[in-house]
Asks: 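I have a structure here, written as structure tokens, and I will follow up with some questions on it.
These figures come from a predicted structure and were not determined experimentally.
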Amino acid sequence: MSWLKLTLLAALWGGSFLFLRICAPVMGPMLLIFLRVVLAAVFLMCAAGLLRRKVRLRGLWRHFFIVGVFNSALPFALFAYAAMSLPASLLSILNASAPIWAALLWAAVSRETLSKKSVLGLALGSVGVAVLVGLDASMLEPVSYQAVAAGLAAACSYGIATTYTKKAQVAVDPLDNALGSMLAATLVLLPLAFWWPMPDAPWDAKVWVSALLLGVVSTGWAYLLYFRLVQDLGPSAALTVTFLIPLFGIVWGVLFLEERVGWHTLWGGAAVLAGTALASGFSWPRALGRQRV
């Protein structure tokens with residue numbers, strides 16, 4: 001069933017913010033993300049071998065590098081930096097603003113005028129972020145505002161990737177897309193992996209297991225599932241996942257990190273999601289109507 005796949009994908013991506021929060025303060029953002037894409041690439045190569053699939057990479061490297069940078073390397077690194085000081089629940093809500101950025105970028109690229117609903121969505125999303133940032137106790141340190149900016153920049157990067165995919169319309173198999181983009185992200189991150197100073201903290205079993213799950217489950221498996229859903233269900237599937245991710249990000253943060261969720265998180269998150277729906281033109285009935293089971 002498509003809804004089960006969508007829910008699973010949202011749970012996997014919501015879990016990525018949990019793992020980032022556990023690992024980033026210990027491993028540092030750049031090394032963590034390099035390991036993330038390497039583990040994802042290895043997993044996808046093993047999957048291709050088990051499925052006896054011949055992966056097509058030749059002639060598509062420009063596409064893979066664009067997707068790998070803006071859909072993986074750059075947003076992963078920015079969110080990892082943000083995870084050093086922000087809770088997983090806030091990270092997952094900032095991630096939900098990606099369709100707002102995509103709507104703005106698409107309007108700029110296509111030279112279309114933003115509708116009143118899109119402008120209202122942008123304003124509502126901005127209010128939601130302001131509520132989250134202004135009333136969150138984790139924002140007491142100045143570095144937290146830099147982390148929020150990094151999280152929003154990561155969401156914008158996803159918007160760039162979405163805009164490119166919509167504009168280019170390159171037909172690529174889901175496994176090829178997932179593996180090719182992870183290999184490209186690995187090459188991009190390789191020279192930067194040890195550039196960022198590593199925190200002086202021990203790597204216990206919890207950190208190792210979280211890093212492994214982040215790379216294999218929340219990235220390799222999740223991206224394979226994501227590209228399959230986009231191919232089968234269309235762009236509406238990706239938007240649906242965006243609305244479900246904050247739910248899991250908040251739940252995982254509360255259950256495993258004992259994060260406290262206040263009313264400002266709920267109201268701010270609701271405003272961001274409502275703004276995202278308006279700005280992107282998302283409609284639950286339309287999305288449900290287009291999906292097949």
Side-chain angles (χ1 to χ4, degrees), residues 1-24 32-33 35-37 39-40 43-44 47 71-72 75-76 79-80 82-83 86-99 151 154-155 158 161-162 174-175 177-178 181-182 206-261 265-266 269-270 272-273 276-277 280 282 284 287-288 291-293:
M1 300 259 314
S2 60
W3 265 104
L4 291 177
K5 294 178 182 179
L6 288 167
T7 304
L8 174 60
L9 180 58
L12 296 177
W13 273 347
S16 68
F17 297 105
L18 166 67
F19 302 137
L20 286 174
R21 186 70 180 123
I22 292 172
C23 298
L32 171 61
I33 297 310
L35 291 175
R36 178 180 184 176
V37 296
L39 289 170
F43 167 80
L44 291 166
N71 206 50
S72 299
F76 287 178
F79 270 127
L86 298 182
S89 55
L90 180 53
L91 292 171
S92 63
I93 294 172
L94 292 176
N95 176 79
S97 67
Y158 286 132
T162 300
L175 180 56
N177 229 345
S181 62
M182 288 304 149
K206 181 180 180 181
V207 173
W208 282 108
V209 172
S210 296
L212 181 64
L213 291 174
L214 176 64
V216 173
V217 178
S218 291
T219 308
W221 185 22
Y223 266 68
L224 182 59
L225 181 59
Y226 168 73
F227 285 119
R228 173 61 68 183
L229 284 170
V230 169
Q231 183 186 62
D232 292 345
L233 306 178
S236 60
L239 284 176
T240 306
V241 167
T242 299
F243 286 95
L244 295 175
I245 290 173
L247 171 63
F248 286 98
I250 292 172
V251 169
W252 299 151
V254 170
L255 289 179
F256 297 104
L257 298 178
E258 298 182 354
E259 294 181 356
R260 295 183 178 181
V261 178
T265 302
L266 299 178
V272 170
L273 293 176
T276 297
S280 62
F282 179 80
W284 281 102
L288 289 169
Q291 291 178 4
R292 302 188 304 270
V293 296

Asks: Is the shortest side-chain heavy-atom distance between Tyr226 and Val241 below 4.5 Å?
Replies: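 Result no, sub-4.5 Å side-chain heavy-atom pair not found.
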
Asks: Working to the nearest 0.5 Å, report the span between CG of Leu20 and CD1 of Ile33.
Replies: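 Output value for this atom pair is 5.5 Å.
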
Asks: Would you name the heavy atoms of Leu257 and Ala88 that are closest together and state the gap between them?
Replies: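 Looking at all heavy atoms of both residues, the shortest contact is CD1-CB, 4.3 Å.
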
Asks: Given Leu90 and Thr265, is the side chain to side chain contact (heavy atoms under 4.5 Å, CB included) satisfied, shown in steps?
Replies: CA-CA 8 Å; Leu90 180 53; Thr265 302; over 6 Å; no

Asks: Stepwise, does the side chain to side chain contact (heavy atoms under 4.5 Å, CB included) test hold for Val37 with Thr219?
Replies: CA-CA 8 Å; Val37 296; Thr219 308; 5.5 Å; no

Asks: Where does the angle between the aromatic ring planes of Phe76 and Tyr223 fall among parallel (under 30°), tilted (30 to 60°) and perpendicular (over 60°)?
Replies: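 Answer is perpendicular, since the angle exceeds 60°.
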
Asks: Hey, could you give me the OG/CG distance between Ser218 and Leu9, rounded to the nearest 0.5 Å?
Replies: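 Answer rounded to 0.5 Å: 9.5 Å.
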
Asks: Can Val272 and Leu94 be said to form a side chain to side chain contact (heavy atoms under 4.5 Å, CB included), step by step?
Replies: CA-CA 8 Å; Val272 170; Leu94 292 176; over 6 Å; no

Asks: By ring pair (Phe, Tyr, Trp, His ring centres under 6.0 Å), which residues pair with Phe19, not counting sequence neighbours?
Replies: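 None.
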
Asks: Return the set of residues passing side chain to side chain contact (heavy atoms under 4.5 Å, CB included) with Ala47 (not counting sequence neighbours), or none when no residue passes.
Replies: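 Side chain to side chain contact (heavy atoms under 4.5 Å, CB included) list for Ala47, sorted by chain: empty.
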
Asks: Atom CG in Leu32, atom OG in Ser210: separation rounded to 0.5 Å?
Replies: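 Nearest 0.5 Å value for the CG-OG distance: 9.5 Å.
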
Asks: Just do the side chain to side chain contact (heavy atoms under 4.5 Å, CB included) check on Arg36 and Ser16 with the steps written out, would you?
Replies: CA-CA 10 Å; Arg36 178 180 184 176; Ser16 68; 3.9 Å; yes

